[in-house]
Number of protein chains: 2
Amino acid sequence: MENSARSQRTRAAAIQAALTIITRDGPGRLTIDAIARECGSSKGGILHHFRTKDAVLKALLEHQIEQGESLFDGYLAQSLPGRHEPALEAEIESLRTAAAHPKSTTFAIASALADNPELIAAVREREAKHVEAMKKEAADPSVAMVRWSAARGLALSSILGLCPLSEQERMSLFDLLRDDALWDSAQSCIRRRKEAAPQKEKQLL
Amino acid sequence: MENSARSQRTRAAAIQAALTIITRDGPGRLTIDAIARECGSSKGGILHHFRTKDAVLKALLEHQIEQGESLFDGYLAQSLPGRHEPALEAEIESLRTAAAHPKSTTFAIASALADNPELIAAVREREAKHVEAMKKEAADPSVAMVRWSAARGLALSSILGLCPLSEQERMSLFDLLRDDALWDSAQSCIRRRKEAAPQKEKQLL
DNA sequence: TTTTACAAACCGTCCAGATGGTTTGTAATT
DNA sequence: AATTACAAACCATCTGGACGGTTTGTAAAA
């Protein structure tokens, strides 16, 4: 086999093995030895691709980010032309999907990443771009941020195993958050009220 | 010194030391040796109080829960008699406070807990009670859940270092979420719309 | 004197990374 | 086409340190 192809294949296999381990055995069991065993490779082979264990984690995170991004892109592409806030809706749907995965790798990866704040920062910066897009398209950015935050809260709670709501409740809340027309009408009420009694948040968002 | 007092003191010192380590050095550095070193005790001494490391984590979690609970109780006690949804507001304020702590121990503890799902379940169950209370007092439970989820999203994002919003933006969003009157008026719009075009979430929440 | 609280030395295991070597692929030279 | 020279991928083994937990010792309290 061609060298580069071989290399790429084992690298992908290593990442897949890491994901398997992290979900099956928990993040505490993710060792280089375990990865090597899982993908039928050797420790040396793994360490040839990733010079340190942190490099493995970084690759894992990048893989996860790519997944999330393509999920988002898919939902964005699906959105009908008439929608007011396609990015927000795609984001909400992405979060709904993420929340649905109870044995989430995301949690495991997050916990494996706990000691690497710089990697987390990368995620946050990517998130900032999405937020920008959502604010830009929104009639009222602060309402968009509320909807986004709520979806995020549901997703993060579920991923961390902290969500006390049933799946049905979660689902219908996601439905509600997504319902553009509903928020449009609520928005006008809020706006009217804000103008009547101006609040701090008005000029900030 | 009296035995029991001495014991209690070292136990508290151990927990405090664990919190110091976990925030200063990261959860990966939380070892029994480190705790002993930090609080000027010995490994044997620590293991006299906590038979295993998991017991330390459990104690740490309980400590954190107590903190959170008393914070919530404080805000609840502060709430003025006229408010419609005191529990929700107290919860939102608690979450605001939690979010404000950037070097949060919560994150570190969460990640240290990653391999102990049963401990996480305890937190979730406690959360369920709060949710019940909030639903009970709410005119529209689904709106309350949206507000709560949004506050939770902001808090969790901040704690995990994933929140791309500025502190000001976060603060004003919390203000907005807390504004009972505003949501009341929005609620009536939503309700009107729901009745006009009934949705799935209506009967579920 | 028995129990409690702690200390110090120690044990077994796990694991990241280093090292030295083998196989496989590649490209230039003859 | 065959040979040579090199590079990349990969493997088996070792090591040094960290860490959870145990055992043994000790001094004070009960």
Side-chain angles (χ1 to χ4, degrees), chain A residues 1-22 24-61 108-109 111-116 118-119, chain B residues 1-22 24-61 108-109 111-116 118-119:
Chain A
M1 199 197 303
E2 211 178 45
N3 249 349
S4 68
R6 186 163 55 121
S7 174
Q8 206 174 342
R9 233 182 42 172
T10 39
R11 192 192 146 93
I15 290 178
Q16 205 50 53
L19 290 174
T20 303
I21 292 161
I22 224 172
R24 188 189 56 203
D25 309 328
R29 290 282 163 81
L30 183 69
T31 69
I32 297 179
D33 283 298
I35 296 172
R37 218 178 306 128
E38 183 71 28
C39 70
S41 182
S42 73
K43 192 171 187 171
I46 302 298
L47 281 164
H48 173 72
H49 286 281
F50 311 97
R51 291 229 302 278
T52 69
K53 195 187 176 182
D54 274 10
V56 175
L57 295 179
K58 194 176 173 191
L60 229 44
L61 183 65
I109 291 176
S111 93
L113 251 51
D115 289 317
N116 298 54
E118 65 280 11
L119 291 184
Chain B
M1 196 194 306
E2 214 177 50
N3 255 346
S4 69
R6 187 162 57 122
S7 177
Q8 207 175 342
R9 235 182 41 174
T10 36
R11 192 193 145 92
I15 290 178
Q16 207 48 55
L19 290 174
T20 304
I21 292 162
I22 225 171
R24 188 190 56 203
D25 308 328
R29 292 281 163 80
L30 183 68
T31 68
I32 297 180
D33 285 296
I35 295 172
R37 219 178 307 129
E38 183 71 28
C39 69
S41 182
S42 71
K43 196 171 186 172
I46 302 299
L47 282 163
H48 173 71
H49 287 281
F50 312 97
R51 290 227 303 278
T52 68
K53 194 187 176 182
D54 275 11
V56 176
L57 294 180
K58 195 178 172 190
L60 228 45
L61 184 64
I109 291 176
S111 93
L113 251 50
D115 290 319
N116 299 53
E118 66 279 10
L119 291 184

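The structure displayed is predicted, hence computed values, not measured ones. In what follows, chains carry the letters A, B, and so on, assigned in the order in which the sequence lines appear, proteins first and then strands, with residues in each chain numbered from 1.
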Qualifying residues under side chain to side chain donor-acceptor pair (under 3.5 Å), relative to A:Asp54, sequence neighbours excluded: A:Asn116
Any A:His49 side-chain N or O less than 4.0 Å from OP1/OP2 of D:dA8: no
Protein-nucleotide distance (A:Ile21, atom CD1; C:dC15, atom P), rounded to Å: 11 Å
Whole-Å distance separating the CZ atom of B:Arg51 from the P atom of C:dC6: 16 Å
Side chain of B:Ser7 - closest among D:dA9, D:dC11, C:dA5: C:dA5
Show every donor-acceptor pair shorter than 3.5 Å between a side-chain atom in residues 39-47 of chain B and any protein atom, with sequence neighbours excluded, or say none if there are none.
unit_1  : atom_1 : unit_2  : atom_2 : d
B:Ser42 : OG     : B:Gly45 : N      : 3.1
B:Lys43 : NZ     : B:Asp33 : OD2    : 3.2

Residue-phosphate contact under 4.0 Å: B:Ser42 side-chain N/O, C:dC6 OP1/OP2: no
Bend angle of the helix from C:dT1-D:dA30 to C:dT30-D:dA1, from helix axes over five pairs at each end, nearest 10°: 10°
Any B:Thr10 side-chain N or O less than 4.0 Å from OP1/OP2 of C:dA5: no
Can you check nucleotides 18-20 of chain D for protein contacts, nitrogen or oxygen pairs under 3.5 Å, and list what you find?
unit_1 : atom_1 : unit_2  : atom_2 : d
D:dG20 : OP1    : B:Lys53 : NZ     : 2.9
D:dG20 : OP2    : B:Ile32 : N      : 3.2
D:dG20 : N7     : B:Lys43 : NZ     : 2.6
D:dG20 : O6     : B:Lys43 : NZ     : 3.4

Separation between CD1 of B:Ile22 and CG of B:Leu57, rounded to the nearest 0.5 Å: 7.0 Å
B:Ala12: side-chain contact (heavy atoms from CB on, under 4.5 Å) partners, not counting sequence neighbours: none
From CD1 (B:Ile21) to CD (B:Glu38), nearest 0.5 Å: 5.0 Å
With A:His49 via side-chain contact (heavy atoms from CB on, under 4.5 Å) - residues at least two apart: A:Ser7, A:Thr10, A:Arg11
B:Arg6 CZ to C:dC6 C1', straight-line distance once rounded to whole Å: 7 Å
Interatomic distance, A:Ile46 CD1 vs D:dA12 C1' [rounded to whole Å]: 15 Å
Any A:His48 side-chain nitrogen or oxygen under 4.0 Å from OP1 or OP2 of D:dC10: no
Test item: B:Ile15 and B:Phe50 side chains (from C-beta on) under 4.5 Å apart, heavy atoms: yes
Distance, nearest 0.5 Å, that separates CD of A:Gln16 from CD1 of A:Ile35: 11.5 Å
Which residues share a side-chain contact (heavy atoms from CB on, under 4.5 Å) with B:Lys58, sequence neighbours left out: B:Glu62, B:Leu119
